[in-house]
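One-based numbering, in listed order, for ligands and for the atoms of each.
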Amino acid sequence: METRMMKYYIETWGCQMNEEDSEKISGILKINNYEPTDNEKDADVIIYNTCCVRENAEQKVYGHLGRLKNQKKENPDLIIAVTGCMTQQKDAAEKMIKKFRHVDIITGSFNSYKLPEYISRVKHSGETVVEVWDKEKGIVEGLPVDRKNDMKAFVTIMYGCDNFCSYCIVPYVRGRERSREPEDIVKEIESLIAQGYKEVTLLGQNVNSYGIGLERKMNFSDLLKIVNSIEGIERVRFMTSHPKDITEELIQTMNECDKVCEHIHMALQSGSNRMLDKMNRKYTREHYINLTKRIKEVMPQVAISTDIIVGYPGETEEDFNETLALAEEVKFDAAFTFLYSPREGTPAAKLETDFIDEETKHRRFSKLLNSINQIVETKNKEYEGKIVDVLVESASKNDDSKISGRTRTFKLVTFEGSKDLIGQIVNVKIVEAKPYSLVGELV
Ligand code: SAH
Ligand code: SF4
Ligand code: F3S
């Protein structure tokens, strides 16, 4: 009888939620006697954890799946599994299995923890398994998690999204909003701290609506206070925040809780009220600007980052200029910019008019990117000469004598230092600001 452990390889696309799901898939495979490998060619089981938030995310997966055809030919015992958001879309699994006959398992985000069972089924019967649950059957607690990083961890506090922004597929593939019980969150974080973790990032598509639906009356600020007081925790981050749900209570809580870092990611999407309305975002540019002012008033060192979509149907030059102007005014510390990508099943994809031509979209995109780059560089310059706390995370890939880590405001800092400092929080003086990172020296 064969006793060799089967090797698995996981490739993950998409957001931190997917990364965390992959860590759970890895955890559950490990306790079922599978062994991880970093080499796809060497794997007995290949798992793709997919994203469908934009078309290019899906294209990448298709490209990879296509290339696996040969590997499967050479090794017919290879088991190929696809999971994640892509397969959760309507009819996606059926289409995928027709197009990629070499795929053995198609499952979704809600039941990917059952992968060991599905793999066994394929191994023993050779059948193809297509099992995608269209919704959650309660939150599954207590799954083993095989984390990539041994210093900072993602902790999901809520699943799904109820906001239905008109362009976005996430609510359709991730289901309705539901919050984890605070005890389960605390238990997980306590166990992380016991293992030596220093930092947790609380995850949710909109962490600010945490608590809705729980029997006990509690909100995200209450949760932050509880997490902040966990013995041994060094840093607490969270993402992401919907601008419509950021309250004065949250701003005060961030400020009061010493472990909660001064960084907030709040997606803007557009600086034009007309566009925000069409996108179903439920706030105005004025509200957004006032919020950022208030946050900076309470926490002058705060870093604000954002997401922006360019080329939503109907976006005029004037609308776009309002986005540019807002970015100039708020002076983001980081901004992720995206070209609008129609997603089947969303209200925006049903709009039949006013699509922005590719050339205009790309022109606006580069203009925004240039402007953001300049803003970020100027913001980084403000750090020159300052002394900051850095949680040392890793040795530099290019230079053996250097180590790097992040400030509380999530800026990447590289400096000379010993690898022994990895995992510690050290004081670093910033000597030079680069466009996307800071150079410092230990003090
Ligand atoms: N829940 C998070 C966003 C998750 S999706 C939030 O609201 O902050 C990450 C980002 O992808 C979004 O903020 C948006 O900027 C972008 N995005 C979502 N759908 C998109 C689409 N159809 N086309 C282009 N960008 C999109
Ligand atoms: Fe998508 Fe909007 Fe939900 Fe964010 S808040 S996941 S953009 S629907
Ligand atoms: Fe993508 Fe799913 Fe996240 S669509 S962005 S992986 S929630």
Side-chain angles (χ1 to χ4, degrees), residues 11-22 25 48-61 82-89 92 108-110 112 136 154 156-178 202-210 238-246 264-271 275-276 278-283 288 304-313 315 323 327 332 334-351 355-356 361-362 364-365 368 372:
E11 180 87 42
T12 311
W13 287 271
C15 63
Q16 287 87 353
M17 303 272 173
N18 257 21
E19 283 177 39
E20 220 234 335
D21 286 350
S22 287
I25 295 171
Y48 285 170
N49 191 7
T50 61
C51 169
C52 56
V53 77
R54 283 170 294 277
E55 197 188 341
N56 57 6
E58 294 197 304
Q59 295 301 348
K60 282 185 205 150
V61 176
V82 186
T83 183
C85 293
M86 226 170 129
T87 59
Q88 289 290 161
Q89 295 171 97
S109 319
F110 299 123
S112 57
E136 64 284 359
F154 295 130
T156 303
I157 60 163
M158 57 180 301
Y159 297 89
C161 182
D162 284 354
N163 286 310
F164 292 96
C165 303
S166 58
Y167 49 82
C168 185
I169 193 84
V170 172
Y172 305 91
V173 294
R174 286 281 177 167
R176 298 289 57 74
E177 250 176 40
R178 54 230 183 264
L202 308 177
L203 286 184
Q205 294 297 354
N206 176 17
V207 290
N208 305 108
S209 52
Y210 174 82
F238 57 88
M239 71 186 309
T240 67
S241 293
H242 195 302
K244 77 175 164 54
D245 294 322
I246 298 174
I264 187 159
H265 183 83
M266 40 197 274
L268 167 69
Q269 314 302 6
S270 169
M275 286 294 110
L276 287 172
K278 285 182 191 246
M279 290 173 165
N280 193 28
R281 289 290 288 178
K282 302 196 173 81
Y283 54 86
Y288 191 97
I304 299 176
S305 57
T306 200
D307 294 346
I308 298 173
I309 298 176
V310 173
Y312 185 82
E315 182 188 71
T323 301
F332 291 110
F336 302 94
T337 46
F338 305 107
L339 286 167
Y340 168 68
S341 165
R343 303 284 65 208
E344 207 183 311
T346 62
K350 292 191 192 84
L351 299 171
F355 276 105
I356 310 298
K361 254 204 234 179
H362 282 93
R364 288 181 188 163
F365 186 83
L368 180 63
I372 299 274

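Using a non-hydrogen distance threshold of 4.0 Å, Q16 does not register as a contact of ligand 3. Ligand 3 lies within reach of R174, whose nearest heavy atom is under 4.0 Å from it. Residue contact annotation: H242 has no non-hydrogen atom under 4.0 Å from ligand 1. Not a single heavy atom of N206 sits under 4.0 Å from any atom of ligand 1. Ligand 2 is never approached by R174 to a heavy-atom distance shorter than 4.0 Å. In this structure, I309 has a heavy atom closer than 4.0 Å to ligand 1.
In the model, D21 has no side-chain atom that pairs as donor or acceptor with a side-chain atom of N49 under 3.5 Å. Under 3.5 Å, the side chains of Q269 and Y312 contain no donor-acceptor pair of N or O atoms. Using a 3.5 Å distance cut-off with no hydrogens or angles, the side chains of H265 and T240 do not pair a donor with an acceptor. Using modelled atom types, one finds no donor on one side chain facing an acceptor on the other under 3.5 Å when comparing E315 with S270. In this model, no donor atom of one side chain and acceptor atom of the other lie less than 3.5 Å apart for S166 and N280.
Separation of atoms CG (D162) and CZ (R178) is listed at 9.5 Å; rounding is to 0.5 Å. Between the OG atom of S241 and the CD atom of Q205 there is a distance of 12.0 Å, given to the nearest 0.5 Å. Atom CZ of R281 and atom OH of Y167 lie 4.0 Å apart (nearest 0.5 Å).
Residue F164 has at least one heavy-atom neighbour below 4.0 Å for each of these atoms of ligand 2: 8 (S). Less than 4.0 angstrom separates some heavy atom of Q205 from each of these atoms of ligand 3: 7 (S). In the vicinity of V53, heavy-atom distances shorter than 4.0 Å reach the ligand 3 atoms 1 (Fe), 4 (S), 5 (S). Atom numbering of ligand 2 starts at 1 in the shown order; those under 4.0 Å from a heavy atom of P171 are 8 (S). Using a 4.0 Å cut-off to heavy atoms of R54, the atoms of ligand 1 that qualify are 11 (O), 16 (C), 17 (N), 23 (N), 24 (C), 25 (N), 26 (C). Using a 4.0 Å cut-off to heavy atoms of D307, the atoms of ligand 1 that qualify are 9 (C), 10 (C), 12 (C), 13 (O), 15 (O). Near V170, meaning under 4.0 Å from one of its heavy atoms, ligand 2 places the atoms 6 (S). Proximity to R281 (heavy-atom distance under 4.0 Å) selects the following atoms of ligand 2: 2 (Fe), 7 (S).
Here atom 5 (S) of ligand 3 lies nearest to C15 when heavy atoms of C161, C15, C168, G160 are compared. With distances taken over non-hydrogen atoms, the option nearest atom 6 (C) of ligand 1 out of I169, L339, N56, T240 is T240. The option from G14, A57, C52, S109 that lies nearest to atom 4 (S) of ligand 3, judged by heavy atoms, is C52.
The closest side-chain heavy-atom distance from K244 to N163 is below 4.5 Å. In this structure, the side chains of Q89 and E344 stay at 4.5 Å or more apart for every pair of heavy atoms. Counting only heavy atoms from C-beta outward, the side chains of R174 and S109 approach each other to under 4.5 Å.
With hydrogens left out, the protein atom closest to atom 2 (Fe) of ligand 2 is C165 SG, 2.3 Å, a heavy atom. In terms of protein heavy atoms, atom 1 (Fe) of ligand 3 is closest to C51 SG, 2.4 Å. Looking at atom 1 (Fe) of ligand 2, its nearest protein heavy atom turns out to be C168 SG, 2.3 Å. The protein heavy-atom contact nearest to atom 7 (S) of ligand 2 is Y167 OH, 3.4 Å. When hydrogens are left out, the protein atom nearest atom 5 (S) of ligand 2 is N163 ND2, 3.4 Å; that is the closest non-hydrogen contact.
Of all the heavy atoms of F338, the ones lying under 4.0 Å from any atom of ligand 1 belong exclusively to the side chain. Contact annotation for Y172 and ligand 2: no heavy atom of the residue comes within less than 4.0 Å of the ligand. Residue-level proximity to ligand 2 for A267 is absent, since no heavy atom of it falls below 4.0 angstrom. By the criterion of a heavy-atom distance under 4.0 Å, the side chain of C85, and not its backbone, is placed next to ligand 3.
Between Y283 and H242, the two ring planes are perpendicular [angle over 60°; tilted spans 30° to 60°].
The shortest N or O to N or O distance between R343 and ligand 1 is not under 3.5 Å. Checked by distance only, ligand 1 and Q269 come closer than 3.5 Å through their nitrogen or oxygen atoms.
Aromatic rings from Y172 and F164 are positioned such that their centres are separated by under 6.0 Å.
Inclusion of C161 in the first shell of atom 1 (Fe) of ligand 2 is not supported: no N, O or S atom falls under 2.8 Å.
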